[in-house]
Amino acid sequence: MTELETIRHSCAHVLANAILRIWPEAQFAAGPPVDNGFYYDVDLGHRISPEDFEKIEKEMAAIIAEAQPFQREVITRDEALAMGERGELAGLSPRPQSSKFKLDIITRIPTGEEITLYRNGAFTDLCAGPHVADTSGIGAFKLTHVASAFYQGDEKNPQLQRIYGTAFASAEELEKHFALLEEARKRDHRKVGKELGLFHIDDSVGQGLILWTPKGAIMRQEMQNFISRELAKQGYSQVFTPHIGRLDLFRTSGHFPYYAESQFPPLIERDTMEKLADEGCSCADLGNRVSAGEIDGYLLKPMNCPMHVKIFASQPRSYRDLPVRLAEFGTVYRWEQSGELNGMTRVRGFTQDDAHLFVTEEQMAGELKGCLDLVKTVLGTFRMTDYRVRISLRDPSSDKYVGDPANWDRAEQACRDAAATLGVPFTEEEGEAAFYGPKIDFVVKDVLGREWQLGTVQVDFNLPVRFGLSYTGADGKAHVPVMIHRAPFGSLERFTGVLIEHFAGDFPVWLAPEQARILPVSEKVADYARSVVAEMTARGIRATADLSPEKLGAKIRLAQVEKVPYMIVIGPKEEAAGQLSIRSRQRGDEGAVAKDEFIQRIESEIRDRTLTV
RNA sequence: GCCGGUAUAGCUCAGCUGGUAGAGCACCUGAUUUGUAAUCAGGCGGUCGUCGGUUCGAAUCCGACUGCCGGCUCCA
């Protein structure tokens, strides 16, 4: 535990202590430190609400002021159980009710492991520690919110109230933390996306379904163009496939019905439905017969892979054709739980910048590296440099994985080797691989400190076998190709959401929906303004003119708020000299330059995808 | 899906203990012709999320539903 985590965990004890002073019957489960603070799970008849925080914090402050020393005590399992029965664990004294969660926790401690208590003042808790020397070691704290959580994280267990708080060594650090949270709130993609008119979610269209408005659509198109160009450089072929496919296709791939609960329900043909209705087939019956494969229908595709597999299989392949790299901006639909939906980052319909590579085993290592390079290039272009790489490997002791163990070893080693060439830290996590192969994920940190899994590269031994794919080798025999799935953005929706927060809506010129706005100081130069817009538009620059009767100050303010990267002030002086007065949104007034000089400059910034500082 | 919170004009929000709605911005109109972050005046705009209940009377109290927010669970 780090020093900060020790402070926070100690603060969790103080929280429990304070709650007991107010509600002596409270039962506590676990109170660990977490990323931005700590929590303690409590079972209590009274519903704790933020209005109670002041009262609780007052008790906590009193406990901290008392500088109660934390005392560690090793006890036997029997002693621990006896104390739990008397309700003394996470209590201030013996109580009529036993410490039920603590008793359960004791049963989970492996035999032979030391059982320890920590006491401060009247409060005793079953705890492995460590803690600060005394409660005054908690410099500054604040309760933040209350939520509910299942005991042990299991849906079948009772729900507890989870009280969240945070603590720091000093008040200054606490303030800094809240200032950062405030900044994060300002950048929230749901707020900024609405303000800038980038996307819209409409209840009558459906939860988790994104409507890309004209401005957002420009950004998406720019991102697609960017990726398309990178794909062309790396020898990919782009394809288009439909949004639905026959159930049998997804039965073969294994997606249906294995993942049925996270898919939109199947579409059954009208004739079939009518026939079944005549037979008096019930809904439950229908569901069963669809699952059993007796009835065919169509499925909104939850993945693009089977479609790409069919393109690969549509003609005979020789080893000379490999690798075959098929790319598509493919829209997929998944039934995410309603409580999981969140703006653009967690949705029910999304477009992956997907591709599938069909390669020989010898090509796998090189192709994996190529995929990682692509992801790295993409993230670098957006200066998203705060990321880590996670390699998910199989659990060698489990038999749930498909494919030859020797192939797995090779694939896992290829993942490691490829990741090592990136020059960023990577972790290996055993047992996290998909059943069909190992994968490499890029986990990017956003301004809130939340981690987002964006880019992903996965090796797949399974689908080629399920679909009976083959190519003719140099030996004239049929061989099974290896598939690589990869998506540098993950999904355009999620990536856009993260980008909005990353740039706080202040996008680089190449991505900005409106790149330049001409601000005439009066109507006298309206014609000049129109001609500048026409010239820039003709050269592929997204420019508009603000011809409203507002004063210049108001026009500038509006353009600043709407995050237009360049404001171009023109008046009689500029018109006479054929100049433009440039105001950068980020750098302010830059003075007058020749019209063509500015146009060339903005053109090169767009072409080079320059990131404004 | 579960727990809690929440829903008032296009947006941000006010409306105390029940007496049929208000501000700023946006929008429209007019005046102003403006030089680097808000010109002035007037106007339009809401069956207070939906349905039901309590009441002489509901934005306000109660219930259900829906959306959203914070978590939990989940993310092939």
Side-chain angles (χ1 to χ4, degrees), chain A residues 34 39 41 47-51 144-164 185 188 190-191 194-197 200-208 250 253-263 302-303 305-306 332 334-343 345-348 350 433-437 439 441 452-453 456 458 460 462-463 485 490-491 494 519-526 547-562 564 567-574 581-585 587-592:
Chain A
V34 288
Y39 67 79
D41 283 343
R47 278 261 156 232
I48 293 177
S49 74
E51 284 87 74
T144 52
H145 51 284
V146 56
S148 78
F150 298 105
Y151 177 60
Q152 297 283 330
D154 187 335
E155 250 176 299
K156 289 169 205 75
N157 283 336
Q159 282 203 312
L160 306 172
Q161 302 187 62
R162 177 166 293 181
I163 320 286
Y164 282 90
R185 247 194 304 279
D188 189 312
R190 293 167 301 193
K191 176 173 139 64
K194 186 188 265 188
E195 286 166 356
L196 298 184
H200 174 64
I201 300 173
D202 196 293
D203 188 31
S204 47
V205 173
Q207 291 181 282
F250 297 102
S253 71
H255 294 115
F256 186 87
Y258 188 53
Y259 295 108
E261 77 289 346
S262 46
Q263 292 161 0
M303 294 226 135
C305 340
V332 298
R334 298 182 190 179
W335 188 261
E336 301 287 353
Q337 295 188 85
S338 63
E340 266 314 319
L341 300 169
N342 182 294
T345 53
R346 197 71 190 275
V347 293
R348 283 184 175 160
F350 56 94
F435 70 90
Y436 52 76
K439 58 177 182 172
D441 294 320
W452 290 104
Q453 188 197 302
T456 181
Q458 310 184 357
D460 186 352
N462 179 47
L463 278 188
H485 310 244
S491 89
R494 175 176 291 188
L519 309 179
V521 293
S522 82
E523 268 177 34
K524 290 177 196 130
V525 285
L547 299 171
S548 70
E550 294 293 335
K551 300 208 316 198
L552 182 60
K555 293 184 185 184
I556 286 174
R557 182 173 182 281
L558 188 64
Q560 286 280 146
V561 168
E562 292 181 7
V564 180
M567 286 152 267
I568 297 167
V569 177
I570 58 168
K573 278 183 288 183
E574 285 80 5
S581 281
I582 309 306
R583 181 189 165 92
S584 152
R585 188 184 121 71
R587 296 178 297 275
D589 191 352
E590 297 188 336

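Just so it is clear: chains get the letters A, B, ... in the order the sequence lines come, proteins before strands, and each one is counted from 1. Basis for what follows: all heavy atoms, side chains included, without hydrogens, waters or symmetry-related copies.
- Between A:Asp203 and A:Arg334, it is A:Asp203 whose nearest contact on RNA chain B lies nearer the 5' terminus.
- Atom CD of residue A:Gln161 and atom OG of residue A:Ser148 lie 8.5 Å apart, to the nearest 0.5 angstrom.
- Separation of the P atoms belonging to B:rA7 and B:rG49 is 8 Å when rounded to the nearest angstrom.
- Residue contacts shown for A:Gly553 are limited to sugar-phosphate atoms, with no base heavy atom under 4.0 Å away.
- In this structure, A:Gln263 reaches the bases: a heavy-atom distance under 4.0 Å links it to at least one base atom across the strands shown.
- Across all strands shown, B:rG5 pairs with B:rC68; the Watson-Crick or G-U wobble distances both stay below 3.5 Å.
- With C1' as the reference atom, B:rA14 and B:rU8 are 10 Å apart, rounded to whole Å.
- Neither OP1 nor OP2 of B:rC69 sits under 4.0 Å from any side-chain N or O of A:Arg346.
- Rounded to a whole Å, the CG atom of A:Leu160 is 13 Å from the P atom of B:rG4.
- The same atom, C1', is picked in B:rC68 and in B:rU50; the two are 15 Å apart, to the nearest Å.
- Between A:Arg348 and A:Phe435, the one whose closest nucleotide on RNA chain B sits nearer the 5' end is A:Arg348.
- For A:Glu574 against B:rG35, a side-chain-to-base donor-acceptor contact under 3.5 Å is present.
- Going from atom OH of A:Tyr164 over to atom P of B:rG71 covers 7 Å, rounded to whole Å.
- Taking the six-membered ring for Trp and the full ring otherwise, A:Tyr436 and A:His485 have centroids separated by under 6.0 Å.
- Side-chain nitrogen and oxygen atoms of A:Lys524 include at least one within less than 4.0 Å of the OP1 or OP2 phosphate oxygen of B:rU34.
- No contact: A:Pro520 has no heavy atom under 4.0 Å from any strand.
- In this structure, A:Arg348 is positioned above the aromatic face of A:Trp335, its NZ or CZ under 6.0 Å from the six-membered ring centre and within 45° of the axis.
- Regarding A:Glu336, its CD atom lies at a distance of 13 Å from the C1' atom of B:rG1, rounded to whole Å.
- Within the structure, a side-chain polar atom (N or O) of A:Gln207 is placed less than 4.0 Å from OP1 or OP2 of B:rG67.
- Between A:Ser262 and B:rC75 there is no side-chain N or O to OP1 or OP2 distance below 4.0 Å.
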